[in-house]
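Have a look at the structure below, then the notes.
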Amino acid sequence: MKIAQASVVLTGASGGIGAATGRLLIFEGARVLLVGRSKQNLLRLAAELEARIPNRVRMDALIADVTTPAGRDAIRHAAEMRNVNVLINNAGVSSFGALGTLTDAGITASVETNLLAPMLLTSSLLPHLLKQPRALVLNVGSTLGSIGVPGFSTYGASKAGLRGFSEALRRELADTSVGVQYLAPRAVDTGFNDAQAHAFNHATGSHMDKPEYVARAILKMIESEGAEHYLGLSERIAARLNALAPRLLDGAFAKHRKALKTLPQTLHAEGEI
Ligand SMILES: NC(=O)c1ccc[n+]([C@@H]2O[C@H](COP(=O)([O-])OP(=O)(O)OC[C@H]3O[C@@H](n4cnc5c(N)ncnc54)[C@H](OP(=O)(O)O)[C@@H]3O)[C@@H](O)[C@H]2O)c1
C-alpha cells in the first residue's frame, strides 16, 4: 500500500516508537489518527506536527485506553468516521523481572495491553476494514515473542500470543482484502525500558535501536505488505533457530540469569518490592 493512500489508526502514539511512526507517516503523506492515553504527551506531539505540516486534515488525536470497552469503542467510531484502512496495534507496556518479583497487577496489565487489547480492537474494527478495497492490521510484537529470555517470561508470553494471533488471522483472512502483519523489534531506546531493563540490556550486550529505525521499518511493511519482519540479522536467525530447535538455545542464557540476579532490587521494574 502506498503511504499516501493509508488512513491509519496508530495506538501508542504518545510513546517512543509511536511518536516516531506518527511523525514519519504524516510527513510521508498518510492520514493518521494518533491514539494514546497520556493527554499531555499526545497533545505535545499533535502541536509539534501541526506546527510542521501545513495540511491539518491529515492528523487527529484521540485519548483512549485500549484496555477498556469505552476506549476501543471510541477508536472504532473515529476509525469509521475517517475511513481508516490501516490499524497499527503498537500500544504496549513492559513487564520485566524475575517472575517472583512481578506484581499480579503488572502481569495482568501486560497481557491485557499487549495481547487482549490488540485482539479485541482488531475484532472491533474488522467489519469496517473488510469493506475497504485494501486494508492492513500491523501488530507490533517483539523478538521476545519468539525467543524466551529470562526476565521476560510474562512480557514474552504476551508477545508470543500476539505473534500467534497475527499468524492465524493472516491465514484466516488470506482471501479477503485485509492483510495481517507482525513486526518484531529488538530493544529500542524509549521510555519503555526503565533503569533496570537498561542495566540488564547493557550487561547482556543487547543491541538498542532508535525509535526512528523501527518507525521506518513500520512504513516499509505498510508499503511491502509483507507478513512479518524481525529487526536485526542475529535476532532474525536466533528466532528461526529457536523455532526449529529451542533446546539448542537453552544453554545460551547463563549471563541473562546472572544479570537478572545482580540487578539492584530497590530499582525493581514494578517499583513495589
Ligand atoms: N522499547 C522497546 O525496547 C521495545 C522492543 C520491542 C517491542 N516494543 C514494543 O513496541 C511498542 C511501543 O513501545 P515503545 O517503546 O514506544 O514504548 P513507550 O514509549 O512506553 O510507549 C508505549 C505507548 O503505549 C501506550 N499505552 C500503554 N498502555 C496503553 C493503554 N492501556 N491504552 C492506550 N495506550 C496505551 C502508551 O501511552 P501512555 O503514554 O499514555 O502510557 C504509549 O503511547 C510496544 O508494543 C512494545 O511492546 C518495544
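Whatever order the structure lists ligands and atoms in, that order sets their numbers, starting from 1. Small disclaimer: the values here were computed from a predicted structure and weren't measured. The first residue in the sequence is number 1, and the count goes up from there.
- Salt bridge annotation for R163-E228: absent, with no cationic side-chain nitrogen under 4.0 angstrom from a carboxylate oxygen.
- One option in G141, A19, G22, G16 has a heavy atom closer to atom 7 (C) of ligand 1 than any other, and that option is G141.
- A donor-acceptor contact closer than 3.5 angstrom links the side chains of S95 and T154.
- Shortest contact from atom 4 (C) of ligand 1 to any protein heavy atom: V188 CG2, 3.9 Å.
- Taking any N or O of I17, backbone or side chain, at least one lies under 3.5 Å from an N or O belonging to ligand 1.
- Distance from atom 47 (O) of ligand 1 to its nearest protein heavy atom, with residue and atom name: Y155 OH, 2.6 Å.
- For a threshold of 3.5 Å applied to N or O pairs, the pair formed by A187 and ligand 1 contains no separation below that value.
- The closest non-hydrogen atom to atom 44 (C) of ligand 1, taken over V140, N90, N193, L34, comes from N90.
- If you check each of P211, S14, A91 against atom 26 (N) of ligand 1, the one with the closest non-hydrogen atom is A91.
- Using a 4.0 Å cut-off between heavy atoms, E112 makes no contact with ligand 1 at all.
- Counting the atoms of ligand 1 from 1 in the order shown, those under 4.0 Å from a heavy atom of S38 are 38 (P), 39 (O), 40 (O).
- The shortest side-chain heavy-atom distance between L183 and V214 falls under the 4.5 Å cut-off.
- Salt bridge status for R58 with E28: absent, with no side-chain N to carboxylate O gap under 4.0 Å.
- The proximity of S94 to ligand 1, defined as any non-hydrogen pair under 4.0 Å, does not occur for either the backbone or the side chain.
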Inset, instruction - Tell me, with the steps shown, if E225 and R134 meet side chain to side chain contact (heavy atoms under 4.5 Å, CB included). - result: CA-CA 10 Å; E225 301 192 8; R134 184 63 185 155; 2.9 Å; yes
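- Counting only heavy atoms from C-beta outward, the side chains of V137 and L173 never approach each other to under 4.5 Å.
- E167 and R171 are joined by a salt bridge, as a carboxylate oxygen and a charged side-chain nitrogen come within less than 4.0 angstrom of each other.
- Among protein heavy atoms, the minimum distance from atom 41 (O) of ligand 1 is reached at R37 NH2, 2.7 Å.
- Using cut-offs of 30° and 60° for the angle between ring planes, the F96 and F152 rings count as tilted.
- At a heavy-atom cutoff of 4.0 Å, ligand 1 is contacted by no atom of V35, backbone or side chain.
- Ranked by closest heavy atom to atom 24 (O) of ligand 1, the top entry among G15, S110, S142, G92 is G92.
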